[in-house]
Amino acid sequence: MKLFTYYQYEKVRKGERELKIGIDKIGFYTPQYYVDMNKLAVARNVEPEKFTIGIGQDEMAVAPITQDPVTLAANAALQILDDEAREKIDFVMFGTESGIDHSKSAGVYVHQLLGLKPNARTIELKQACYGATAAIQLAKGHIALNPESKVLVLASDIARYGINTPGEVTQGAGAVALIISADPRIMVLDDASAYLTKDIMDFWRPTYSDVAFVDGKYSNEQYLEFFGHVWDEYKEKTGLTIADFEAICYHLPYTKMGLKALRTILDEGSVDVQERLKENYQISTLYSRKVGNIYTASLYLSLLSLLEQKELEAGSRIGLFSYGSGAVGEFFSGILQPNYRDFLKIDHHTNLFNNRTELSVSKYEEIFEESLPTDGSSVDLDTTNDPAPICLTGIKEHMRQYTNKNK
Ligand code: COA
């Protein structure tokens, strides 16, 4: 196996064989509860159109106490794992900004819950909403050196700004799991990429706080500035233009944000190109409109929405803009593969949305205020009402306890 890998690597190094690396599978999970944004607006004494048009959110996913970033990620990954993936995954990367431990990677819990093989690396990555993009780029390097391997990238977050705050309407909960491999069946990722880091305080969460601090207007401005910078640099590096893109997917803290960024570049294209990008943008926002912000997973939920809600031609190039406050931004792209829709879990995700339960605003507030003990005491949680296969069952002697009901 090692010789074969090295041989392949040598051929790639000498340019004799093009090693295609990218997204082989995409899984998604969001918890069973949601709040209607029209009703939240009424409760907050705001015109509903501000939330549904001005911000661009229809529903907001709410996690019960029995779902945390670990269980959300594990539930998202469960549906994309087959025997081959279990055998070949030797690297698990968990991008999150709502991690559960300052030391232990959330990925290690997921690795165990999914029954992955022990001969694997597992780490957690943090840079606000950018963590999973960093993981994907690192995964590409790992696959280039080990073409037979597969990497599991997890992006999982519960976005909490607080009740009756300006950010409340942009909360959400969910996870996306991606398998990155050679000869991927969904999307080959292009090698070129443009990225930027700048030390700014637009959004952060000190270790003593369970809600984020945010300068919302500043973060909107910086998002646009980062997009402009990496978009220009990407075009310079690749020679591509806006017309080369079938669609551009954005990190979506709320769906109006990506639209603001798209509008800054639309006049670079013909009327046809503008119409195509605007239409595909709307399709890429359909899932986020129902889920809200899921931080690290938001960009990939936008990609999933586009791929599952429209049949695009194989060979189409999709642009991806990732932004993580603090801040790091990156623009990269990928090419859709033949029959890519056969490898998506469209029915599974349709059922997931159809089986959700709406919460009244007061019930949502009650669930939002429920919290796990922070004084070191133990707790047992009742998971009978949680339909997710993988749930948090409590805390014992400072250790979170999980169950996989399918086992
Ligand atoms: N009908 C339609 N649109 C309306 C409206 C109405 N009745 N009332 C207001 N709006 C529009 C506003 O014009 C504005 O649109 P614009 O941004 O295109 O100008 C939008 O709704 C939001 O209104 P605004 O007054 O700016 O909202 P806000 O002060 O409550 O804050 C955020 C909005 C996004 C800054 C706030 O939700 C936030 O802090 N979110 C978290 C931070 C974040 O997500 N950052 C993103 C970068 S990662």
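Everything quoted here is computed from the prediction, not taken from an experiment. Just follow the structure's listing: the first ligand is 1, and inside any ligand the first atom is 1. All residue numbers refer to positions in the sequence shown, counting from 1.
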Do [X] and [Y] meet the criterion of a side-chain donor-acceptor pair at a distance under 3.5 Å?
X      : Y      : answer
Asp202 : Tyr323 : yes
Tyr364 : Gln171 : yes
Ser305 : Gln309 : no
Thr255 : Tyr250 : no
Thr96  : Asp157 : yes
Tyr29  : Gln79  : no

Pick from [options]: the one approaching [atom] most closely through a non-hydrogen atom:
atom                    : options                        : answer
atom 45 (N) of ligand 1 : Cys129, Ser219, Ala41          : Ser219
atom 14 (C) of ligand 1 : Ala159, Gly54, Gly167          : Gly54
atom 42 (C) of ligand 1 : Val214, Asn220, Leu259         : Val214
atom 2 (C) of ligand 1  : Glu47, Glu49, Arg44, Gln222    : Glu49
atom 36 (C) of ligand 1 : Pro166, Pro253, Ala327, Gly326 : Pro166

In terms of residue, atom name and distance, what is the protein heavy atom nearest to [atom]?
atom                    : result
atom 6 (C) of ligand 1  : Lys50 N, 3.6 Å
atom 31 (O) of ligand 1 : Lys217 NZ, 4.0 Å
atom 39 (O) of ligand 1 : Gly216 CA, 3.5 Å
atom 22 (C) of ligand 1 : Ile55 CD1, 3.8 Å

Check your understanding: Hey, is Phe203 one of the residues with a heavy atom under 4.0 angstrom from ligand 1?
Key ->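 The answer is no: ligand 1 sits nowhere under 4.0 Å from a heavy atom of Phe203.
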Exercise for review: Give a yes/no verdict on whether any heavy atom in Lys260 is under 4.0 Å from an atom of ligand 1.
Suggested key: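 Contact present.
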Practice item. Could you walk me through whether Phe321 and Phe226 pass ring-ring contact (aromatic ring centres under 6.0 Å, His included), step by step? Key: CA-CA 9 Å; Phe321 173 60; Phe226 271 66; 8.0 Å; no
Exercise for review: Answer with yes or no after comparing the ring centroid distance for Tyr295 and Phe203 against a 6.0 Å cut-off, counting only values under it.
Suggested key: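 Yes.
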Check your understanding: Of the backbone atoms (N, CA, C, O) and the side-chain heavy atoms from C-beta on, which set of Lys256 has a member under 4.0 Å from an atom of ligand 1: side chain, backbone, both, or neither?
Key ->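 It is the side chain that touches ligand 1; the backbone stays farther off.
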Exercise for review: Establish, for the pair Lys104 and Tyr109, whether the NZ or CZ atom is under 6.0 angstrom from the six-membered ring centre and no further than 45 degrees off its axis.
Suggested key: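 Yes; both conditions hold, so Lys104 lies above the ring face of Tyr109.
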**Study point:** For Tyr254, atoms of ligand 1 separated by under 4.0 Å from a heavy atom
**Key:**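 In order of number, 34 (C), 44 (O).
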Review point. Should you measure from each heavy atom of Tyr161, which atoms of ligand 1 turn up under 4.0 Å away?
Key: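 Numbered from 1, ligand 1 contributes 41 (C).
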